[in-house]
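To start, the structure itself, in structure tokens.
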Amino acid sequence: MSTILTALHDSLPALHDHYAVYAQLGDPSPEAPPLSDKIIQMTRYLTWFVLLSGVTSIVFGGGKFAWEKWNGGALTAPKQIAGAMAGGAVATSAGTIMNAIMG
């Protein structure tokens, strides 16, 4: 047992020297990964598309609501408008979260 402890004790300085080399490495400067600019641009385009489609859906639902009210049909458009507004709230909060993540 004492020979094993002696061998371990003798090998500890070699391990210490090995880790000292790693401690001397400098911190690399951060840089963006390749194609990150295109991914950020695509995300911005998708954000605009989602917001534009939400506004279009609300306007279409409003027109449909007016048409149903004018013709005396069944009122199904208020559900569509409420769904579009809920989807817009989700899309808007997702955009805020993504902007916070991307910095």
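Everything numeric in this text was worked out from a predicted model, so none of it was measured. Just so you know, these numbers use all the heavy atoms, side chains as well, and skip hydrogens, waters and symmetry mates. Nothing fancy with the numbering, it's 1 onward along the sequence.
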Checklist entry - Quick one: side-chain hydrogen bond (donor to acceptor under 3.5 Å, both in side chains) pairs with a partner in residues 40-49, sequence neighbours left out? => result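 Found Gln41-Tyr45.
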Item to check | Qualifying residues under side-chain contact (heavy atoms from CB on, under 4.5 Å), relative to Thr56, sequence neighbours excluded | outcome: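 Leu52.
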Item to check | Met85: partners by side-chain contact (heavy atoms from CB on, under 4.5 Å), with sequence neighbours left out | outcome: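 Result, side-chain contact (heavy atoms from CB on, under 4.5 Å) vs Met85: Ile58, Ile81.
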Checklist entry - Roughly how far apart are Leu51 CG and Leu46 CG, rounded to 0.5 Å? => result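 The CG atom of Leu46 is 11.0 Å from CG of Leu51, to the nearest 0.5 Å.
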Item to check | Ala89 backbone acceptor or donor facing Ser93 side chain under 3.5 Å | outcome: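 Yes, the answer is positive, given that a donor and an acceptor are paired below the 3.5 Å cut-off.
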